[in-house]
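This report refers to the structure that appears directly beneath it.
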Amino acid sequence: MGSLFSSKNKEVFSTPISMNNPVTVQVLGICSALAVTSKLEPAIVMGLSVTIITAFSNVVISLIRKTIPNRIRIIVQLVVVAALVTIVSEVLKAFAYDVSVQLSVYVGLIITNCILMGRLEAFAMANGPWESCLDGLGNGLGYAKILVIVAFIRELLGSGTLLGINILNYDAIKEAGYVNNGLMLMPPMALIIVACLIWYQRAKHPELQDKE
């Protein structure tokens with residue numbers, strides 16, 4: 001049991017959530033961060049979906065990695081990811097149809113998410129199932145964290161709500177001069193917020209800054 005939660009495994013899990021975040025450090029998965037973060041609910045669902053798919057696909061590829069011919073490994077990885085994405089998509093349609101409609105084609109496009117394919121190729125093909133599961137969970141949660149932060153800011157300042165619950169749309173607040181910022185609901189604002197998060201993380205951790 002101790003080896004399962006060794007310091008190395010803890011680092012594999014925690015590093016992608018903070019110091020090596022796939023969005024703010026590796027700059028991956030940006031497209032969905034722009035597309036599904038105008039509301040908090042779809043952002044949470046997308047983050048959880050990617051986390052589940054990344055973890056399970058990592059485990060599956062890790063289990064069969066020694067039997068995959070090198071020349072077709074990318075095809076095998078795509079088939080595994082596509083199967084898991086299809087399952088998640090059908091589950092969302094069955095139990096969270098409204099959110100599934102909001103996410104539209106972006107659930108299907110998880111197949112092409114650079115984070116998934118990158119972890120399969122860089123980690124799952126070279127490590128055991130448990131380590132690969134932790135790596136998938138860490139990268140998925142790191143991605144989800146950024147989506148939730150961006151969606152929180154955009155929905156709160158753009159619509160005055162969170163998870164559809166009214167937060168700022170009260171007469172007293174409006175009389176004080178507050179007006180919802182419609183620009184927050186436009187995709188460029190998501191890019192600006194992500195850029196601010198990237199700036200904050202690199203300013204806080206100078207070792208992440210590019211050296212000339």
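Not measured: the values here are computed from a predicted model.
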Verify the cluster assignment for L163 and L103: are they in a single hydrophobic cluster under the rule of side-chain heavy atoms below 4.5 Å apart?
-> yes
Show your reasoning for whether side-chain contact (heavy atoms from CB on, under 4.5 Å) applies to T161 and L156.
-> CA-CA 5 Å; T161 62; L156 180 63; over 6 Å; no
First locate atom CE of M117, then atom CG of L28, and finally report the distance between them rounded to the nearest 0.5 Å.
-> 12.5 Å
Is it the case that one hydrophobic cluster holds both V36 and L185, taking links as side-chain heavy atoms less than 4.5 Å apart, direct or via other members?
-> no
Show your working on side-chain contact (heavy atoms from CB on, under 4.5 Å) between L141 and F13 and close with a plain yes or no.
-> CA-CA 9 Å; L141 291 174; F13 174 76; 3.8 Å; yes
Taking every heavy atom of N139 against every heavy atom of Q26, the minimum-distance pair comes out as OD1-NE2, 4.1 Å
Give every residue pair that meets the salt bridge (charged side-chain N to carboxylate O under 4.0 Å, His left out) criterion with at least one member in residues 139-168, sequence neighbours excluded.
-> none
In Å, rounded to the nearest 0.5 Å, how long is the span from CD1 of I167 to CG of L162?
-> 5.0 Å
Taking atom CG of N166 as the centre, does the number of heavy atoms from other residues, nucleotides or ligands within less than 6.0 Å exceed 12?
-> yes
Would one find more than 12 heavy atoms of other residues, nucleotides or ligands at under 6.0 Å from atom OH of Y178?
-> yes
Under 3.5 Å: donor-acceptor pair, side chain of T86, backbone of A82 | yes
Shortest non-hydrogen separation from P22 to Y143 and the atoms involved | CG-N, 3.9 Å
Short side-chain to backbone donor-acceptor contact, T54 and V50, under 3.5 Å = yes
In one Ile/Leu/Val/Met/Phe/Trp/Tyr side-chain cluster, 4.5 Å: V91, V107 = no
Side chain Q201, main chain S18, donor-acceptor under 3.5 Å = yes
Check the side chains of N127 and D135 for a donor-acceptor pair under 3.5 angstrom, ignoring hydrogens and angles.
-> no
Separation between CG (L157) and CE (M189), nearest 0.5 Å, reads 8.5 Å
S57 side chain near L120 side chain, heavy-atom distance below 4.5 Å | yes
Any chance CZ of F56 has more than 12 other-residue heavy atoms, nucleotides or ligands included, within less than 6.0 Å?
-> no
Smallest separation among heavy atoms of G128 and R65, with atom names | CA-NH1, 4.2 Å
Check I110 against V81 and note the closest heavy-atom contact, atom names and distance.
-> O-CG1, 4.5 Å
With side chains defined as the heavy atoms from C-beta onward, is the minimum distance between F152 and I44 less than 4.5 Å?
-> no
Is T15 reaching over with its side chain to a backbone N or O of V12, donor-acceptor style, under 3.5 angstrom?
-> no
Using a cut-off of 6.0 Å, state whether more than 12 heavy atoms not belonging to E11 lie near its atom CD.
-> no
Could you give the distance from CE (M186) to CG (N181), rounded to the nearest 0.5 Å?
-> 10.5 Å
Taking atom CE of M184 as the centre, report whether more than 12 heavy atoms of other residues, nucleotides or ligands fall under 6.0 Å from it.
-> yes
Output for pair (L84 CG, L116 CG), nearest 0.5 Å, gives 9.0 Å
Nearest non-hydrogen partners of L147 and M46, listed with the distance = CD2-CG, 3.7 Å
Can you hop from I72 to L78 via hydrophobic side chains spaced under 4.5 Å?
-> yes
Rounded distance [0.5 Å steps], CE in M19 versus NZ in K204 | 9.5 Å
Write down the atom of N180, the atom of S159, and the distance for their closest heavy-atom approach.
-> ND2-O, 3.3 Å
Is a side-chain donor or acceptor of T51 paired with a backbone partner of G47 at a separation under 3.5 angstrom?
-> yes
Step-by-step side-chain contact (heavy atoms from CB on, under 4.5 Å) determination, V23 to V194 | CA-CA 8 Å; V23 179; V194 171; 4.2 Å; yes
Contact check, side chains of L197 and V150, non-hydrogen atoms, under 4.5 Å = yes
Pairwise side-chain contact, N58 with L137, heavy-atom cut-off 4.5 Å (strictly under) = no
Go through the steps for K174 and L168 under the test side-chain contact (heavy atoms from CB on, under 4.5 Å), then give the verdict.
-> CA-CA 8 Å; K174 291 179 179 179; L168 298 177; over 6 Å; no
Compare all side-chain heavy atoms of E121 with those of I74 and state whether any distance is below 4.5 angstrom.
-> yes
In one Ile/Leu/Val/Met/Phe/Trp/Tyr side-chain cluster, 4.5 Å: I30, I192 = yes
